[in-house]
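Worksheet: the structure to be examined is printed underneath.
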Amino acid sequence: MFEKILAEKVCESINSLYQQTVSSDLVSVQKTRKEFIGDFTVVVFPFTKSSKKSPEITANEIGDFLKAELPIIKSFNVIKGFLNIEFHESEWVNFFFENKNSITYGTDENSGNSKPIVVEYSSPNTNKPLHLGHIRNNLLGYSVANILKANGQNVIKVNLVNDRGIHICKSMLAWQKWGEGESPESSGLKGDHLIGKYYVLFDKHYKEQIAELVSTGISEDDAKKQAALIVEAQEMLLKWEHHDEEVIALWKKMNAWVYQGFDVTYKRMGVDFDKVYYESETYLLGKSLVEEGLQKGTLNKKEDNSVWADLTADGFDEKLLLRSDGTSVYMTQDLGTAELRYDEMLPSKMIYVVGNEQNYHFDVLKLVLKKLGKDWFDAIQHLSYGMVELPEGKMKSREGTVVDADDLIDEMISTAKQTTEELGKTNDFSQAEADELYRMIGLGALKYFILKVDPTKNMVFNPKESIDFNGNTGPFIQYTYARIQSVLRKAEAQYNSEEVLDAKEIALLPKEKELLRLLYEFSQVVKIAGDILSPAIIANYVFELAKEYNQFYHEIPILKEPNLALLKFRLHLSAFTANVIKISVNLLGIEVPERM
RNA sequence: GGUCUCAUAGCUCAGCUGGAUAGAGCAACAGCCUUCUAAGCUGUGGGUCGAAGGUUCGAAUCCUUCUGAGAUCACCA
């Protein structure tokens with residue numbers, strides 16, 4: 001890496017010129033801004049303390065040293081405290097030859113040997129269909145897993161399905177009462193949507209009952225607890241915990257419907273898992289951990305038999321871990337599944353892709369594990385992503401403002417179809433080819449729209465404005481790829497990726513140099529994205545790359561270039577760019593078409 | 001009320017551990033298809049980086065205070 005070589009040489013120069021030692025990671029080597037001549041810029045302000053000279057003089061002295069020591073440097077110039085260094089063009093051409101044909105360029109293939117990283121994402125409830133918030137979660141989890149793999153990590157993707165609890169009992173009860181045996185087959189509804197329908201129905205009737213009770217003079221809080229429906233639902237949950245055959249059978253039937261529905265949505269989103277956990281199978285695990293904590297005296301039991309962790313010393317409150325009736329809460333379950341996961345896979349890290357509304361939960365989770373003496377507590381990393389909001393604020397299922405995942409995907413694909421047909425792009429496509437293209441573009445637009453935003457930040461989605469296909473979008477990037485493929489197809493006679501080109505014939509134009517420069521940065525982009533778990537880094541990079549290529553494409557002729565060596569170079573440069581575009585978007589879970 | 005996050009162009013967002021004159025896209029306006037795919041390219045306008053202090057050679061970035069928005073603090077998950 002050029003930056004590393006430069007940084008180390010700069011340290012040497014400080015040592016040699018001023019007899020001072022500087023650590024190489026304190027040296028700031030950055031890309032030279034376009035308005036100046038050079039490839040890399042060293043900021044010399046920090047070294048003026050060592051040199052006791054002005055920034056300009058210091059920069060010149062370091063520049064002289066570097067130039068004398070490193071033959072790869074062609075020239076340097078100094079502007080204020082900035083030392084701009086220009087490499088010989090051959091360095092960039094060499095970089096090009098070394099990497100242009102690598103289908104794994106920028107990624108680390110040495111995976112599999114290290115301790116695994118577990119990435120948990122999706123983690124749906126089985127009482128309603130997935131919505132836009134889940135889409136962000138799924139796309140993030142899937143992409144982060146890809147990015148970690150590209151960084152040489154052994155990644156295990158897991159899903160923890162929240163398949164038990166009062167919420168699913170509500171749907172079950174409503175279906176029992178008013179469903180009249182309705183099934184996905186009889187209704188034509190997708191299983192998860194069918195269940196969601198009864199969850200909403202439950203809530204509707206429940207609210208009516210509450211209102212009725214309130215009108216008889218009962219307080220709202222009491223009404224919420226006394227309403228017949230909620231009491232019945234709780235009875236059902238109790239029956240479930242006691243393995244009541246009828247309830248279990250109903251539960252299995254309805255969950256199966258939901259899973260059929262989820263599978264369709266997962267498949268359409270293009271996400272998958274290496275392992276699926278079901279909370280119904282793991283929810284009891286936490287209890288033994290809590291018992292252990294009680295024995296050790298790190299947890300305490302109150303008079304009513306409820307068990308608590310006292311976290312006041314760490315600036316938190318007390319946290320309930322077992323209810324007075326001995327049943328476990330969300331936190332208890334998470335303690336159990338965390339330990340199960342750790343014991344099963346001995347991971348170096350356990351990443352949980354969970355919304356930022358649960359920041360407190362994860363702080364407490366780690367703290368309780370620490371209290372319980374689990375020294376691996378720090379392996380837990382909460383990838384806390386921001387909410388997807390509507391222009392008027394948070395999505396609310398009660399107000400019907402939730403953007404349904406399936407609906408949105410349908411809309412994206414049909415918009416892609418309409419737009420593509422208007423442009424006449426698929427006139428010579430077969431129906432199957434065309435449909436595949438619409439799917440790719442629609443999903444590409446959606447995925448890019450979600451993933452280009454910094455995961456930690458809340459983002460806004462306006463349902464009234466459809467997601468764009470022009471500008472900083474997925475289809476723009478897909479289009480650039482397809483455009484390159486088109487050129488390569490036209491150049492069949494001149495293009496052979498294996499052909500050895502003559503480096504001496506190649507003189508880089510500014511746009512070509514900039515393209516190469518961007519391609520060079522890719523491996524660092526992958527590394528940063530992996531370090532901070534941010535697909536947005538990749539998304540913004542690949543947009544930049546596509547934009548740069550389009551400028552090159554418009555400015556410089558490829559197939560009409562009279563010099564055959566240059567023509568071939570540009571074809572290979574185009575192919576290299578297409579390759580990096582493909583690798584990049586694949587990290588985001590986006591596919592690229594050969595034609596569009 | 002306690003804790004935590006966020007605030008950058010009309011809108012949606014970049015701006016990596018502090019570095020040169022804060023960038024894109026959309027929207028608006030003006031151009032470019034007898035020439036490799038116009039889902040493209042070029043140009044114009046648009047900013048007190050929420051406000052005020054501070055640290056620094058240097059602050060959108062770090063610290064403090066204030067304003068505004070949001071999250072969270074359940075014997076819910």
Side-chain angles (χ1 to χ4, degrees), chain A residues 25-26 28 30 32-33 35-36 41 43 45-46 48-49 55 79-82 84 123 125 162 165-167 279 302 304-308 315-317 319-325 327-331 333-334 355-361 363-364 384 386-387 389 391 393-394 416 419-420 422-423 425 441 445 449 452-454 456-462 465 468-480 482-491 524-525 528-529 531-532 534 536-537 539-540 543-544 546-547 550-551 553-561 570-571 574 595-596:
Chain A
D25 46 312
L26 289 178
S28 160
Q30 49 198 257
T32 302
R33 294 176 63 128
E35 56 266 39
F36 305 106
T41 294
V43 184
F45 291 108
T48 54
K49 279 194 192 106
I79 293 165
K80 296 199 274 182
F82 300 92
N84 301 318
S123 312
N125 291 345
N162 184 359
I166 191 75
H167 54 86
E279 220 177 83
K302 295 200 172 172
D304 63 357
N305 272 333
S306 59
V307 180
W308 298 75
F316 292 84
D317 297 327
K319 180 71 196 176
L320 177 90
L321 295 178
L322 285 180
R323 297 189 184 99
S324 48
D325 64 3
T327 56
S328 59
V329 294
Y330 176 48
M331 181 63 70
Q333 299 166 27
D334 253 13
N356 61 15
E357 55 198 354
Q358 294 195 35
N359 286 352
Y360 180 81
H361 172 77
D363 287 343
V364 172
S384 163
M387 299 290 102
E389 291 170 347
K394 219 181 160 184
T419 309
T420 308
E422 277 168 13
L423 291 168
K425 296 274 189 181
I441 295 174
F449 177 82
K452 75 171 178 180
V453 180
D454 180 342
T456 64
K457 290 190 177 171
N458 290 358
M459 62 179 292
V460 175
F461 172 79
N462 188 345
E465 298 169 7
D468 246 304
F469 285 33
N470 297 323
N472 188 358
T473 66
F476 168 83
I477 294 157
Q478 292 170 315
Y479 173 77
T480 307
R483 180 180 242 182
I484 294 172
Q485 297 312 310
S486 168
V487 174
L488 295 178
R489 275 194 301 274
K490 284 229 161 71
Q524 293 151 72
V525 166
I528 293 170
D531 286 346
I532 65 173
S534 173
I537 302 283
N540 286 305
F543 169 63
E544 193 71 27
K547 205 167 50 162
N550 279 315
Q551 290 168 8
Y553 177 91
H554 277 272
E555 250 179 56
I556 302 171
I558 302 172
L559 299 175
K560 290 193 190 60
E561 169 59 47
R570 286 172 196 159
L571 286 171
S574 297
R595 289 198 296 157
M596 76 180 267

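All values reported here derive from a predicted model rather than from experimental measurement. Naming convention: chains lettered A, B, ... in sequence-line order (proteins, then strands); numbering from 1 in each chain.
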Review point. Using a cut-off of 4.0 Å on non-hydrogen atoms, how would the nucleic acid contact of A/Phe45 be classed: base, sugar-phosphate, or nothing?
Key: base
Exercise for review: Identify whether any heavy atom of A/Ile556 sits under 4.0 Å from a base atom; if not, whether one sits that close to sugar-phosphate; answer base, sugar-phosphate or nothing.
Suggested key: base
Practice item. Give A/Pro46 one of three labels, base, sugar-phosphate or nothing, depending on what nucleic acid heavy atoms sit under 4.0 Å from its own. Key: base
Review point. Which part of the nucleic acid, if any, lies within contact of A/Phe316, taking any heavy atom under 4.0 Å across all strands shown: a base, the sugar-phosphate backbone alone, or nothing?
Key: nothing
Review point. Whole-Å distance between B/G23 C1' and A/Glu35 CD?
Key: 12 Å
**Study point:** Length of the CD-C1' vector between A/Gln551 and B/C36, whole Å
**Key:** 17 Å
Review point. Does B/U64 pair with anything, Watson-Crick or G-U wobble, both distances under 3.5 Å, and if so, with which nucleotide?
Key: B/A52
Check your understanding: What is the nucleic acid contact for A/Phe36, judged by heavy atoms within less than 4.0 Å: base, sugar-phosphate only, or nothing?
Key -> base
Revision key, fill the gap. Under a 3.5 Å limit on both distances, the Watson-Crick or wobble mate of B/A24 is B/U12
Review point. Looking for any heavy atom pair under 4.0 Å, which part of the strands does A/Glu279 touch: base, sugar-phosphate only, or nothing?
Key: sugar-phosphate
Practice item. Check for a donor-acceptor pair, side chain of A/Asn540 on one end and backbone N or O of A/Ala536 on the other, with a separation under 3.5 Å. Key: yes
Check your understanding: Checking side-chain contact (heavy atoms from CB on, under 4.5 Å) for the pair A/Leu322/A/Ser306: CA distance, chi angles, key distance, verdict?
Key -> CA-CA 5 Å; A/Leu322 285 180; A/Ser306 59; over 6 Å; no
Point to revise | Nearest-Å distance for atom pair CE/P, residues A/Met459 and B/A71 | key: 17 Å
Check your understanding: Which of these nucleotides, B/C36, B/A71, B/U37, is closest to any side-chain atom of A/Tyr479?
Key -> B/U37
Exercise for review: Assign A/Ala482 to base, sugar-phosphate, or nothing according to its heavy-atom contacts below 4.0 angstrom with the strands shown.
Suggested key: base
Exercise for review: Name the nucleic acid region contacted by A/Phe82, choosing base, sugar-phosphate or nothing; use a 4.0 angstrom heavy-atom cut-off, strictly under.
Suggested key: base
Point to revise | Sugar-phosphate, base or nothing in reach of A/Thr420, heavy atoms under 4.0 Å | key: base
Review point. How is A/Thr41 classified with respect to the nucleic acid when contacts are heavy atoms under 4.0 Å: base, sugar-phosphate, or nothing?
Key: base
Check your understanding: What does A/Lys425 touch in the nucleic acid at a heavy-atom separation under 4.0 angstrom: a base, only the sugar-phosphate, or nothing?
Key -> base
Check your understanding: Reckon A/Asn162 touches a base, only the sugar-phosphate, or nothing at all at heavy-atom distances under 4.0 Å?
Key -> sugar-phosphate
Practice item. For A/Asn84, report the nucleic acid contact type (base, sugar-phosphate, nothing); a contact means any heavy atom under 4.0 Å. Key: base
Check your understanding: Of the nucleotides B/C36, B/G40, B/A77, which one has an atom closest to the side chain of A/Val487?
Key -> B/C36
Exercise for review: Check the distance between B/G70's C1' and A/Lys457's NZ and give it to me in whole angstrom.
Suggested key: 15 Å
Study note, to complete from the structure: The Watson-Crick or G-U wobble partner of B/A69, with both key distances under 3.5 Å, is B/U5
